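Let me begin by presenting the structure, written as structure tokens, before commenting on it.
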Amino acid sequence: MKKPINGKKILVTVLMFILGICFMTPFLWMISASLKVEEEVLTYPIQWIPTTWNAIENYREVWTGTMPFFLLYWNSIKVSVLTTLTSVAVSALAAYGFSKVEFKGRNLVFMLVLATFMIPPQTLLVTQFILYRTLGLYDTHMGLILLNSFSVFGTFMLRQFFLGVGNEIIESARMDGAGHFRIFTSIAFPLVKPAIATYAILRFIWTWNDFQYPLIFLRSKELFTIQLGVQSFADEHGSIYSLMMAASVSAIIPLLIVFIIGQKQVIEGIQLGGVKG
């Protein structure tokens with residue numbers, strides 16, 4: 001017996017497909033422009049496939065020019081990876097403590113931590129700048145890593161998942177002599193891996209795309225991250241759209257790779273959060 005055609009589902013699918021094409025069009029144009037000679041970039045109607053290919057020259061200028069992207073990539077990967085690892089560790093430990101460790105005033109302390117989330121980060125820049133200059137962390141990657149290593153959002157997000165870990169499992173482990181650190185590493189942490197992976201991917205993307213902190217806390221060009229490098233590249237070649245598109249494509253490739261690799265974990269984390277909610 002044939003199933004009846006679901007017109008609503010077909011309509012939603014077609015609508016999502018059209019919206020997907022609309023969202024992908026600027027990205028596809030950016031890739032196409034990065035492969036062209038400058039004269040063909042703004043031609044109308046748009047020539048999606050270049051008649052004259054200039055990809056090698058464009059990307060060579062981006063990667064080996066006055067602002068070499070090899071160095072920018074290394075700096076951004078270093079800062080993003082170390083920030084992500086530190087932030088995940090700190091947020092996961094704090095989330096476990098606020099969800100599974102009983103201590104006096106726990107809820108009050110957690111509410112105070114959440115209250116700091118309402119403070120715009122821009123209001124803290126002057127204080128952070130003075131503090132980092134005093135500590136000798138200004139114009140260093142270590143200072144940049146520490147700035148993004150403590151996340152109220154990460155603590156709140158992971159706490160919600162740790163609350164879903166059964167207390168009876170924790171109590172059984174404690175009766176067997178396991179301490180909180182052993183319980184955290186061997187039981188609680190593995191049970192919330194999808195949430196950990198989701199937050200790690202988000203933290204990596206946020207750090208990679210961060211422009212404000214590197215702009216304020218870095219001065220040496222050899223320490224620039226990819227976002228500062230693209231801005232400096234734009235100051236020199238902003239009127240040459242083919243080079244700018246090549247630089248932009250180069251800047252977002254790692255984000256696409258990270259998301260493609262981790263999209264399964266992100267979906268699992270969202271589904272797990274929805275079920276627990």
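Note that the structure is a prediction, hence the values are computed from the model and not measured.
A cation-pi contact, defined as under 6.0 Å to the ring centre and within 45° of the axis, is absent between Arg159 and Phe98.
For an aromatic pair to be called close, the ring centres must be under 6.0 Å apart, and Phe156 with Phe117 fails this.
A continuous path of hydrophobic side-chain contacts links Leu223 to Met142 [ILVMFWY only; heavy atoms under 4.5 Å]. Linking Ile, Leu, Val, Met, Phe, Trp and Tyr whenever their side-chain heavy atoms come within less than 4.5 Å leaves Leu218 and Leu71 in two separate clusters.
The closest side-chain donor-acceptor pair between Tyr199 and Ser87 falls under 3.5 angstrom.
Taking the side chain as every heavy atom from C-beta outward, Gln128 and Phe217 approach each other to under 4.5 Å. The shortest side-chain heavy-atom distance between Ile226 and Asn75 does not fall under the 4.5 Å cut-off. In this structure, the side chains of Val249 and Tyr59 come closer than 4.5 Å at one or more pairs of heavy atoms.
The shortest heavy-atom contact between Asn148 and Thr83 is CB-CG2, 3.4 Å. Thr140 and Gly136 get closest at one heavy-atom pair: CG2-O, 4.0 Å. Of all non-hydrogen atoms in Lys100 and Leu163, the two that sit nearest each other are NZ-O, 3.8 Å. Across all their heavy atoms, Phe211 and Gln231 have their closest contact at CE1-CB, 3.9 Å. Smallest separation of non-hydrogen atoms from Leu137 and Leu146: CD1-CD1, 3.9 Å. In terms of heavy-atom proximity, Ile183 sits nearest to Ala173 at CG1-CB, 3.8 Å.
Taking CG of Asn58 as the reference point, atom CE of Met244 lies at 12.0 Å (rounded to 0.5 Å). Once rounded to the nearest 0.5 Å, the distance linking CZ of Phe17 with OG1 of Thr13 reads 11.0 Å.
Arg182 CZ: 12 or fewer foreign heavy atoms inside a 6.0 Å radius. For Trp29, the CH2 atom sits in a packed shell: over 12 heavy atoms of surrounding residues, nucleotides or ligands are nearer than 6.0 Å. Enclosure of atom CG in Leu19 by more than 12 non-hydrogen atoms of other residues, nucleotides or ligands within 6.0 angstrom is indicated. For Leu15, the CG atom sits in a packed shell: over 12 heavy atoms of surrounding residues, nucleotides or ligands are nearer than 6.0 Å. Counting non-hydrogen atoms of other residues, nucleotides and ligands closer than 6.0 Å to CE of Met118 gives a total of 12 or fewer. Counted within 6.0 Å of CZ on Phe103, heavy atoms from surrounding residues, nucleotides or ligands total more than 12; the atom is thus considered enclosed.
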_Run the ring-ring contact (aromatic ring centres under 6.0 Å, His included) test on Phe184 and Tyr96 for me, step by step, so that the C-alpha distance in whole Å, both residues' side-chain angles and the decisive distance to 0.1 Å come before the verdict._
CA-CA 7 Å; Phe184 170 77; Tyr96 176 82; 5.6 Å; yes
*Could you please spell out the steps behind the side chain to side chain donor-acceptor pair (under 3.5 Å) verdict for Asp139 and Ser220?*
CA-CA 7 Å; Asp139 198 26; Ser220 303; 2.6 Å; yes
